[in-house]
Structure formats: C-alpha cells, structure tokens
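Each chain gets a letter, A, B and so on, in the order the sequences are listed, and its residues count up from 1. Bear in mind that the values here come from a model prediction, so they are computed numbers and not experimental data.
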Amino acid sequence: MSNTPAKPDPIAQMEKIVSLCKRRGFIYQSSEIYGGCGGVWDYGPLGAELKRNLRDAWWRAMTRDREDVVGLDACILMNPAIWKASGHVDTFADMMRECTLTNKRVRADHVEPQSGTVMQFSGVKSPSGWSINRQITVLMKQGEHIESFRKRVRAMLAMTGGPAAGKPEELELLDEQKIDVVNGSVDFHPESGGALGESRPFNLMLRTYLGPTATEADVTYLRPETAQAIFAQFKNVYESSRVKVPFGICQIGKAFRNEVTPKNFTFRSREFEQMELEYFIKPDEAVEIISGEVAQWTEGADLSEPKANWGWDMWHRYWVDQRTKFYQSIGLGDVLEYYWQTPADLAHYARACVDILCEFPFGTEELEGIAARGEFDLGSHQKHSGKSQEVFDEELKLAAAKLTDEQKEALIQKRLAAENAKTKGEPMPEADVRAWFDRLFKGNYVPHVIEPSAGLDRMALAVIAKAYEEFTKTDEKGKSETITVLRFHPRVAPIKCGVFPLLKNKPELVAKAREVYNLLKPHFNCFYDETASIGRRYARQDEVGTPFGVTIDFETLGEKGPELQDTVTVRERDTNAQHRIKVSELLGWLQARL
RNA sequence: GCGGGUAUAGCUUAGUGGUAAAGCUCCAGCCUUCCAAGCUGGCUAUGUGGGUUCGAUUCCCACUACCCGCUCCA
C-alpha cells in the first residue's frame, strides 16, 4: 500500500468534498429539483447527524458542563425595534454605490468629493480574447500623469477580469476620450476613480411581514444574528435563573443574511446556524472597587479557572482559551489560527476581537469571532427600550461604601482620562461619567459582555474538510484505486459503529449480527450492513467517517472453540487494526473511545 | 451586483442537428471465512424557459444554480 498526499489543487479538492457530501448524504443543494436556490444548502441524513453532534458538543461545553452559563431558545422573528437598537437596520441597509470599474462599494452618503478629468473608454480588449464592451468612465485625478493613469486603469481592469484578462500591460484601452473636468464630484470612487453606479439600498437583512395583511407597518426581519435575542431577554433570564454576574447566556439558532456573494459551498450561506454565548461581566471599575485591583494579562497567565479580579481583558482571553480547547476536542486543534483585530479593524464599541480561523481548501477563514463588546449592546437596548438593563451587585455596593471620596474621585479621573484618549467614537461627557459612577457606587451597572460567536455550518464544513483524506491503494496484482476516508474525531462522527455479519448467506451470522446491532443501537448511531464483501462494507463506512466496525464471524459462533465464542472483531478506521472483543464487553469498549 | 467559466444517470466523464455511451455507485439474485473479489440481471440523465429547424442534448437567446475573481467576516 502506498500513500500519496491529497492533491494540493484547492478547487479540485473542494469539488471532491462537495461531490462526496452529496453522494453520501451529508449536504445537498437546496431545492435542487427546481433549479436550486441561491446560497442555501440542506443537510442529508449524515450531515444532520454530524451537525447535531457538533451542536450538542457545543451546548454541552458551553452550558451543561458549566455552572455559570444558561441557555436560551428565542425566536427568529422579533420586534424590528431590536434591529434599530442593535444598529443592524443602519449598517445592514445602507444606500450603497458601486464602482463600475472595480465593483467596490461605498456608502452613498460617504463619498469623498474628487476633482480631475473625466476620461472615457468604449471598452477594453486583451490578446487572450477577453474583453469588456461597455463604456468605462474613470476619473483621472488632479496631477496624475496620463500614462500612469492608463497603467492604473489597466491594472484595475486586469484585477476585475481575473485570470481570463491576462497581463495588465497587454490590455488595450479602446477609444480614449476626455469628457469633462470636474471639481468636488461625488460620482467617482475615491480610490479607483471609477464612475459610481446608481445609489441603491443594500439590504443585508431578510425582510418579511409579520401578520397576514403584509403592509409596510408589518415589516420585520429574519434575524441576522442570534445574539440580539439574548440581549433583549437579558433581564428575564437574569431575574428567572438565579444567576449573578459574571454569567453567560448561550443560544443556538438560525440566522439570515442576504449575502452579496454566497460562496465556498456552505461557508458563506444566506441561511446559517449560529452558536453564540453572551458572557456578562462586571465593568473593570466594579472589579477594581471589589478586589482592589484588576488582573493584568501576561503571557502564559493561568486561564484555567476564573478569578474575582479579572477584568474584561482576562475574561476575553479566558474565552479564547476555552474555545480553543473546544476545537481541540472535536479534532480541529491543529488547523486553527488566530487573528487579533487591530484597533483599526475594530468596531467603535468593541474593545478587542479575536478571530479563530481554520484552514479550508479555499483558504484560511473565520470559524468564530470572540469579541469584547463592553456595555454597548445592553446599553443600547436600555436606551432604545427605555427599560433598565442594570443589575444590582450587593458586593459592589458594600465595597464602594468603604471607599473614601478621594478614592472615588481617583476612579472617576482615571475613567475621564481613558474617555479622552479614545481614538474611535465620542468620549462620554464628564457629567455622564459622573452619573455612571454614582450608579456604580450604589452597586448598579449595565454588565459588559464577552461574545464568542461561532458558525455551526462553518464548523461542520471545517470538520469535513479536515477529515477528508484520499490515498492510492495498490493491491498485489498492481491494480490501484483511490480510497477516500473521512477521519472524523469519533465524538463528531455521524455513525459511530458499523455492524456486519461476515457473510450474508449464513443465517446464524446474520442473526447474531442483528443481535449485536440491537445491543449497540440504543446507545449511539450504528449502521447495519450485510451486502457485498466485508472489505467493501469497511470501505463504505470509511468514506462516511465511521470510526469503528464490528464483524460477526464463525468464531463468534464458537467454531474455533469456546474461548472465542461470543467475541467479535472490532476494526478501527484509521489504523485498520483489529481487536477481538467479547460481546459482553463491546458496548463499554466502544463507549470508552467515543 | 460586475467580469470569467460550467451545467449529460447518485458520482466521474464520453458523444451527436435524427433512438444518448461508459466506468464507478446503488438495487436484486447467486457466490464469498476480514479490507472496494466474481458472475447474472436491474434502476436512473441532457438545469429551466423560449427561439431557429421537418426534427435540438447539440445552434441562438433568456433565466436559474454552481465554481473562480472583486467583495466579505458566523
């Protein structure tokens, strides 16, 4: 047997994975018999099992195994006011204009005025045969040399055209014309100079009507993320669950976005499933009052157990660590990468955000984002709903009561200095800061939040892509064939164990095999198969990632003596190793390895 | 959305302006004492809608979906 590594060609690799997913019932195109439906995918029998295993693993790790996190299962439809408060109505429904040259989009109300000469071409042609036959209008910026302008236009067109367009220097710009000279025009892309198209809305949220009359007054949205329901129900959960800050609320559910370009199989879909935790913590000032200090992160700090003196930074790193451990537990440990967003990347309300990325055939892409969002979300809902989202913290009140006025003022001054040092967003006015401290000293605050937010469909795709392996097997006669194996971690494998009678036409073997199958079936997903040769049945299970196979043979029936009676062959997917196990010990043996 | 490409069976591919081919898979039967064995038989396809034509899977147009690039961030 010779092993050859999988072909490095990423496109071919993805095509193989897509094909396998369909062939073996993991993932199908939605609405296929009607020609499909853009950007949505269905999970077949094995995909559904895989996804459920991942979902269950997440739920267990995030809530059942912990004392400080509770679950929530909120509706997809909510009062549209939630999406105003969250900012989604604004950021997801901007009027956008698209650059006709590079197709880059800018917000219609944010175009910087440009000055220069308006140039026009009737099209572009490449020796490769590629061409564009529409009018191309580009602004030659003030002071730009005509030759460097042409070079720039060719480069952008080559970029837009992709490989088909060929080398930029070989592109021929047709019928160059000077059209006009403009001053302070907002009709050209600030970077490319390309003419901007019509202003039109980009509604990234899926609109729907709640109520049968379907008037404009009934408009709401399918949620673009699950998190907002957690914030909106924060007070209910807090008051009904006997939880105290720090604690978390987690939720798994569908979310919807009108992605401009769904792509990379299920990676960017319009309907997808999110697994989100909102972990509520005390503001650093409260931690400082109670503990006298806020623990500072240092490389290698112990993150295994939360400490009372942790501020948002430590909590944030704690959750990155927790999530990393989770990915290790489902077999993705060695394909992860981390991207710490720079201050420039961060949204104005975010303090830090780490992307957990994973290697896919099409590149290294985000699986999960872990953001430290301060009090932005609950604060925003408090403001928009007019309902207090504060909690009362007895310990804080008692600790604050022991502070001297000077100590209190020092805390306020520290915060004011921090506000003034902000590079993004408006600093909070001093009066508001003082009002906030007044509430804080009485034990009241709006909790801050750490948000680990993962995509379940992405996770499933990552697990499949990671598990996918093919190699060439050559038998004694020199005949070779390509073998495909999904090396799923046993925890996530859709089928845990195959059960096979060695031969189909021996009723005793079949009967015994059915018996073993019925023994295992109540405990985990098993698959019984008596057709074809035993080797083929092993191969079939390898291809869907079943970690174990149990074969009932003549020794099971006692043919080779009583010591082997009622023992079966357990075959391991990854090593082909075979173990002789007593039927009475089989369930325990397997369970210890799942 | 813009540009490029693709669309034939469950999968991978062939082919033709005149009855659509193969391999694998799958199903049934026989056979088979551990890694896709063999034999026999069987099911299943030209993405959708128009047009040209006596006749279109083939030529033309439109649509849809998918893939690649621009974009993106669960």
Side-chain angles (χ1 to χ4, degrees), chain A residues 1 10-11 14-16 18-20 22-25 28-39 96 98-105 124 128-132 134 156-165 192 197-198 200 202 204 224-227 255 257 259-265 267-269 272-276 339 341 345 353 355-357 362 365-369 452-459 473 475 477 479 481-484 500-506 509 531-543 549 551 553-555 559-560 569 571 573 576 578:
Chain A
M1 200 201 288
I11 296 167
M14 270 318 283
E15 280 172 356
K16 284 179 189 167
V18 172
S19 170
L20 175 71
K22 177 171 186 187
R23 190 155 35 90
R24 307 312 304 235
Y28 315 122
Q29 190 184 6
S30 165
S31 320
E32 198 183 329
I33 62 167
Y34 288 102
C37 184
M96 304 289 282
E98 219 168 346
C99 169
T100 52
L101 187 59
T102 59
N103 304 314
K104 289 195 178 180
R105 281 178 295 277
V124 63
S128 66
W130 176 87
S131 67
I132 293 178
R134 65 183 153 85
M156 286 188 292
L157 286 166
M159 174 87 88
T160 310
S192 71
E198 292 279 295
R200 63 177 168 223
F202 260 74
L204 261 45
E225 63 169 35
T226 59
R257 292 182 196 174
E259 292 295 341
V260 180
T261 315
K263 65 177 285 191
N264 288 332
F265 197 26
F267 185 81
R268 173 165 282 113
S269 305
F272 58 100
E273 196 160 346
Q274 284 188 313
M275 304 187 290
E276 297 194 290
Y339 176 74
Q341 291 192 8
D345 296 333
C353 186
D355 296 335
I356 299 185
L357 311 153
F362 45 82
E365 298 282 354
E366 187 184 353
L367 270 190
E368 170 159 353
S453 168
L456 176 52
D457 307 270
R458 290 182 173 188
M459 198 183 285
K473 190 169 144 183
D475 64 16
K477 295 170 197 150
K479 193 179 141 198
E481 56 192 337
T482 301
I483 306 286
T484 305
F500 321 115
L502 185 60
L503 297 177
K504 180 171 67 166
N505 60 357
K506 297 286 184 290
L509 288 179
T531 65
S533 70
I534 190 69
R536 174 176 296 276
R537 281 176 275 166
Y538 286 150
R540 280 175 185 157
Q541 291 306 312
D542 285 348
E543 211 178 23
T551 302
D553 58 20
F554 292 92
E555 294 164 38
E559 193 178 74
K560 294 249 175 88
T569 301
R571 179 254 190 192
R573 175 195 64 205
N576 287 1
Q578 302 203 344

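Among the protein residues, Phe265(A) comes within range of the sugar-phosphate backbone only, with heavy atoms under 4.0 Å from sugar or phosphate atoms but none that close to a base. Heavy atoms of Gly25(A) sit nowhere under 4.0 angstrom from any nucleic acid atom. When heavy atoms are screened at a 4.0 angstrom cut-off, Glu276(A) is found touching no nucleic acid atom at all.
If you check A14(B) for Watson-Crick or wobble pairing at under 3.5 angstrom, you find it has no partner at all. Nucleotide U19(B) forms no Watson-Crick or G-U wobble pair with any nucleotide shown, as no partner meets the under 3.5 Å limit on both distances. Nucleotide A74(B) forms a pair with no other nucleotide shown, judged by Watson-Crick or G-U wobble geometry with both contacts under 3.5 Å. Base pairing of G69(B) is made with C2(B), judged by Watson-Crick or G-U wobble geometry with both donor-acceptor distances under 3.5 Å. When both distances must be under 3.5 Å, the Watson-Crick or G-U wobble mate of C27(B) is G41(B).
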Would you list the protein and nucleotides 41-45 of chain B atom pairs, both N or O, that sit under 3.5 Å from each other?
none

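Residue Lys504(A) places its side chain closer to G29(B) than to any other of G29(B), A36(B), C34(B). With distances taken from any side-chain atom of Gln29(A) to the nucleotides A65(B), A37(B), A74(B), the minimum falls on A65(B). For Tyr538(A), taking side-chain heavy atoms from C-beta onward, the closest of the listed nucleotides U12(B), C34(B), A74(B) is C34(B). Picking from A36(B), C35(B), C73(B) the nucleotide with the shortest atom distance to the side chain of Gln341(A) gives C73(B). Here U33(B) is the nucleotide among C67(B), U33(B), A28(B) with the atom lying nearest to any side-chain atom of Phe554(A). For Arg23(A), the side-chain atoms get nearest to C11(B) when compared with the rest of C35(B), A74(B), C11(B).
Distance check on atom P: G4(B) versus C61(B) gives 13 Å, rounded to whole Å. Nucleotides A74(B) and U52(B) have their C1' atoms positioned 49 Å apart, rounded to a whole Å. The same atom, P, is picked in C26(B) and in A21(B); the two are 23 Å apart, to the nearest Å. Using atom C1' as the reference point in both C11(B) and A36(B), the two lie 15 Å apart (nearest Å). A distance of about 24 Å separates the P atoms of G1(B) and C60(B), rounded to the whole Å.
No donor-acceptor distance shorter than 3.5 angstrom exists from the side chain of Ser31(A) to the backbone of Tyr34(A), with no hydrogens or angles considered.
Where Leu357(A) and Arg537(A) each meet RNA chain B at their nearest nucleotide, the meeting point lying more 5' is that of Arg537(A). Of the two residues contacting RNA chain B, namely Met14(A) and Ala454(A), the nearest-nucleotide position lying further toward the 5' end is that of Met14(A).
The salt bridge (charged side-chain N to carboxylate O under 4.0 Å, His left out) check on Glu276(A) picks up nothing, with sequence neighbours excluded.
The distance from the OH atom of Tyr28(A) to the CZ atom of Arg23(A) is 12.5 Å, given to the nearest 0.5 Å.
For the pair Lys22(A) and C11(B), the criterion of a side-chain N or O lying under 4.0 Å from OP1 or OP2 is met. Note on Asn576(A): every side-chain N or O is 4.0 Å or more away from OP1 and OP2 of C34(B). Checking the phosphate oxygens (OP1, OP2) of A37(B), a side-chain nitrogen or oxygen of Arg536(A) falls inside 4.0 Å. Side-chain N/O atoms of Arg571(A) include none lying less than 4.0 angstrom from OP1 or OP2 on C34(B). Contact check, Asn505(A) against U32(B): a side-chain N or O comes under 4.0 Å of OP1 or OP2. Regarding contacts with the backbone of C35(B), every side-chain N or O of Arg540(A) stays at 4.0 angstrom or more from both OP1 and OP2. Considering only side-chain N and O atoms, Lys263(A) lies nowhere under 4.0 angstrom from the phosphate OP1 or OP2 of C66(B).
Taking atom CZ on Phe272(A) and atom P on C73(B), their separation rounds to 11 Å, with Å as the unit. In this entry the distance linking CG of Leu20(A) with C1' of U12(B) reads 13 Å, nearest Å.
For the pair Lys22(A) and Glu32(A), the salt-bridge criterion is met [side-chain N within less than 4.0 Å of a carboxylate O].
Side-chain atoms of Thr531(A) and Arg540(A) include a donor-acceptor pair closer than 3.5 Å.
Under the 6.0 Å cut-off for aromatic ring centres, Phe500(A) and Tyr538(A) qualify, their centroids lying closer than that.
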